[in-house]
Amino acid sequence: MLPRLFASFWMPESASTVSDEVDAIYFFILYLCAFFFVGIVAATVYFALKYKRRGNDDKTSPVDHNSRLEFWWSVLPSIPLVVMFVWGFQHWLTIQIPPANTLDLRVTARQWSWQFDYPREGIVNDQLVVPVNTPVKLVMTSTDVLHAFFVPEFRVKQDVVPGRYSVVWFEATKVGTFNVFCAEYCGKDHSRMITRVVVKSAEDYAAWVEKGGIEGNPDPVTLGGIFVKRYGCTQCHSDDGSGNTGPTLKGLYGKQEKFTDGTSGVVDDNYIVESILNPGAKVVEGFAPRMPSFKGKIKDKHVTAIIEFIKSLK
Ligand code: HEC
Ligand SMILES: [Cu+2]
């Protein structure tokens with residue numbers, strides 16, 4: 001590989017099968033440009049001084065062009081350009097086209113959280129947990145605005161677009177935890193739209209799947225607490241009475257609530273289910289209708305656990 005010079009403080013760790021080559025292309029272009037920048041500036045300064053007009057009768061050269069020179073100074077620099085293009089394009093294809101036999105996961109991005117679904121394993125998580133040395137394909141969509149999935153250590157970044165699916169794949173080469181950022185400005189809490197990708201060894205991943213992605217054997221309230229985090233509810237709702245984009249869940253159950261259409265109602269199981277599946281139906285006074293619908297995105301079992309959790313927040 002080409003030099004990964006300075007990589008340690010310029011670049012995040014390299015942790016996927018494509019990242020070393022992305023860096024190599026980056027440094028190739030960078031050093032090539034640096035080399036020509038220095039050369040061109042030096043030549044400009046040299047010629048400016050050498051052919052400086054020295055007085056009124058200092059005539060300019062009678063030569064107005066030189067076809068052979070012009071031909072070569074056009075052709076030679078285009079060679080590294082072709083190298084840049086061919087190398088870059090080939091690697092871009094590698095990054096774009098997923099290999100066969102990937103682990104396929106679904107990703108839902110919303111203001112301002114990530115949801116990862118494991119369709120075969122029946123797991124929903126707010127963190128992306130994957131096995132090491134296994135190609136993973138993410139089929140991603142957004143429920144609201146443009147977002148972008150970005151893992152710097154993997155050197156992969158892909159827009160997540162409402163109303164359609166976009167695909168990104170990667171193969172992690174190191175066990176560890178890396179940041180997932182949203183790389184498309186998406187509103188007030190864009191900067192908080194961060195999660196992790198946890199790369200586990202094959203055995204640890206299998207054990208995690210075996211337990212449904214949940215450690216231990218928690219009771220429904222604890223389980224509900226896990227799911228409000230996993231579905232990203234906690235991005236907008238606190239459980240301790242503090243304010244946020246949405247009303248706090250503390251003391252919510254049994255409360256008399258006023259809605260923006262002038263009606264009011266008591267918070268019970270039905271109301272919570274409606275709030276989750278059809279949040280626009282009743283909008284709490286003093287709040288904007290910012291909550292995304294979780295219809296088709298949340299399992300009934302998980303809703304039940306969330307209700308138990310909300311009930312417990314007296
Ligand atoms: C993007 C921010 C956001 C997310 C994510 C979100 N909510 Fe909300 N939620 C709101 C807002 C804003 C309101 C108040 C407006 C309304 O009623 O639609 C609300 C209202 C509610 C209410 C009614 C509260 C009341 O005081 O009557 C419940 C219950 C609720 N959300 C539960 C959830 C659950 C459970 C989740 C996760 C599955 C969730 N929310 C995810 C923003 C959010
Ligand atoms: Cu975003």
Side-chain angles (χ1 to χ4, degrees), residues 107-115 117 124-126 140-151 157-162 166 179-195 221 223-239 241-313:
V107 179
T108 308
R110 63 173 83 85
Q111 289 167 316
W112 291 276
S113 60
W114 298 96
Q115 181 178 321
D117 284 78
V124 179
N125 205 2
D126 60 325
M140 310 187 290
T141 192
S142 162
T143 55
D144 37 52
V145 299
L146 264 184
H147 301 277
F149 177 89
F150 180 33
V151 182
K157 185 194 272 178
Q158 178 66 51
D159 273 6
V160 185
V161 185
S166 55
N179 287 316
V180 176
F181 294 105
C182 176
E184 188 71 64
Y185 180 66
C186 59
K188 177 171 79 74
D189 287 342
H190 164 69
S191 59
R192 288 178 58 211
M193 198 170 160
I194 298 173
T195 184
V221 171
L223 206 56
I226 292 172
F227 287 127
V228 287
K229 220 176 133 274
R230 291 202 171 176
Y231 283 102
C233 318
T234 46
Q235 291 291 104
C236 297
H237 296 283
S238 77
D239 58 7
S242 59
N244 201 337
T245 307
T248 180
L249 300 179
K250 188 181 162 81
L252 184 62
Y253 200 85
K255 190 175 158 195
Q256 181 81 19
E257 203 70 278
K258 277 209 182 92
F259 307 115
T260 48
D261 62 2
T263 60
S264 60
V266 171
V267 178
D268 57 8
D269 293 31
N270 282 320
Y271 170 77
I272 294 176
V273 173
E274 186 189 58
S275 294
I276 295 171
L277 302 183
N278 187 11
K282 299 192 182 89
V283 176
V284 182
E285 207 172 64
F287 290 91
R290 296 271 17 183
M291 180 162 159
S293 168
F294 285 83
K295 203 174 196 141
K297 301 273 179 210
I298 191 165
K299 292 174 193 295
D300 291 350
K301 239 174 35 190
H302 298 171
V303 173
T304 314
I306 287 176
I307 293 174
E308 291 311 315
F309 174 71
I310 295 177
K311 274 185 194 168
S312 77
L313 300 172

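Counting starts at 1 for both ligands and their atoms, in listed order. As a basis for the values below, the full set of heavy atoms in this structure was taken, side chains included, without hydrogen atoms, waters or symmetry mates.
Of all heavy-atom pairs spanning Val228 and Phe309, the tightest one is CG2-CE2, 3.6 Å. When all heavy atoms are compared, the tightest approach of Ile194 to Ser191 is CD1-O, 3.5 Å. Closest approach of Glu274 and Lys282 over heavy atoms only: OE1-NZ, 2.9 Å. When all heavy atoms of Val284 and Thr260 are compared, the pair lying nearest together is O-CG2, 4.0 Å. The two residues Cys186 and Met193 make their nearest non-hydrogen contact at SG-SD, 3.7 Å.
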Show your working on side chain to side chain contact (heavy atoms under 4.5 Å, CB included) between Val160 and Val107 and close with a plain yes or no. CA-CA 9 Å; Val160 185; Val107 179; 5.8 Å; no
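Those atoms of ligand 1 with a heavy atom of Thr245 less than 4.0 angstrom away are 12 (C). Below 4.0 Å from some heavy atom of Ile306 lie the following atoms of ligand 1, by number and element: 35 (C). Ligand 1 places these atoms under 4.0 Å from at least one heavy atom of Gly246: 10 (C), 11 (C), 12 (C). Per-residue contacts place Gly232 under 4.0 angstrom from the following atoms of ligand 1 (heavy atoms of the residue considered): 5 (C). Listed by number with element, the atoms of ligand 1 under 4.0 angstrom from any heavy atom of Glu257 are 25 (C), 26 (O), 27 (O).
Distance check, rounded to the nearest 0.5 Å: CD1 of Ile272 to OH of Tyr253 gives 6.0 Å. Taken from NZ in Lys250 to OG in Ser238, the straight-line distance is 9.0 Å, to the nearest 0.5 Å. Interatomic distance, OG1 of Thr108 versus NZ of Lys297, reported as 4.0 Å (0.5 Å rounding).
Neither the backbone nor the side chain of Val228 comes within contact range of ligand 1; no heavy atom lies under 4.0 Å.
Distance alone, capped at 3.5 Å, places no donor-acceptor pair between the Arg110 side chain and the Thr143 backbone.
When side chains are defined from C-beta on, Val283 does not count as touching Met291, because their heavy atoms never get closer than 4.5 Å. Annotation: side chain of Lys188 is in contact with side chain of Trp112 (closest heavy-atom distance under 4.5 Å).
Distances shorter than 4.0 angstrom occur between a heavy atom of Lys282 and an atom of ligand 1. Residue contacts with ligand 1 include Ile276, since one or more of its heavy atoms lies under 4.0 Å from the ligand. Residue-ligand proximity: Phe259 is placed with every non-hydrogen atom at 4.0 Å or more from ligand 1. Within the 4.0 Å heavy-atom shell around ligand 1 one finds Ala288.
Residue nearest to atom 4 (C) of ligand 1, selected from Cys236, Gly224, Ser293, Pro279: Cys236 (by heavy-atom distance). Of the candidates Arg290, Gln111, His302, Met291, the one placing a heavy atom closest to atom 33 (C) of ligand 1 is Met291.
Taking the six-membered ring where the residue is Trp, Tyr231 and Phe294 present perpendicular rings, their angle passing 60° and hence far from 30°.
Distance from atom 17 (O) of ligand 1 to its nearest protein heavy atom, with residue and atom name: Val284 N, 3.0 Å. Protein heavy atom nearest atom 20 (C) of ligand 1, with residue, atom name and distance: His237 CE1, 3.7 Å. The shortest contact between atom 27 (O) of ligand 1 and any protein heavy atom is with Tyr271 OH, 2.5 Å. What sits closest to atom 38 (C) of ligand 1 on the protein, heavy atoms only, is Cys233 SG, 2.6 Å. Remark: minimum distance from atom 13 (C) of ligand 1 to any protein heavy atom is reached at Pro247 CD, 3.5 Å. Looking from atom 28 (C) of ligand 1 to the surrounding protein, the closest heavy atom is Ser275 CB, 3.6 Å.
Counting non-hydrogen atoms of neighbouring residues, nucleotides and ligands closer than 6.0 angstrom, the CG atom of Asp300 reaches no more than 12 such neighbours.
Around the Cu ion (ligand 2), the protein N, O or S atoms found under 2.8 Å comprise His147 ND1, Cys182 SG, Cys186 SG, Met193 SD.
Tested against Lys229 for a side chain to side chain donor-acceptor pair (under 3.5 Å), the candidates Asn125, Asp126, Asp239, Thr234 yield a single pass: Asp126.
In terms of polar-atom proximity, Trp112 is not counted as a contact of ligand 1, lacking any N or O under 3.5 Å from an N or O of the ligand.
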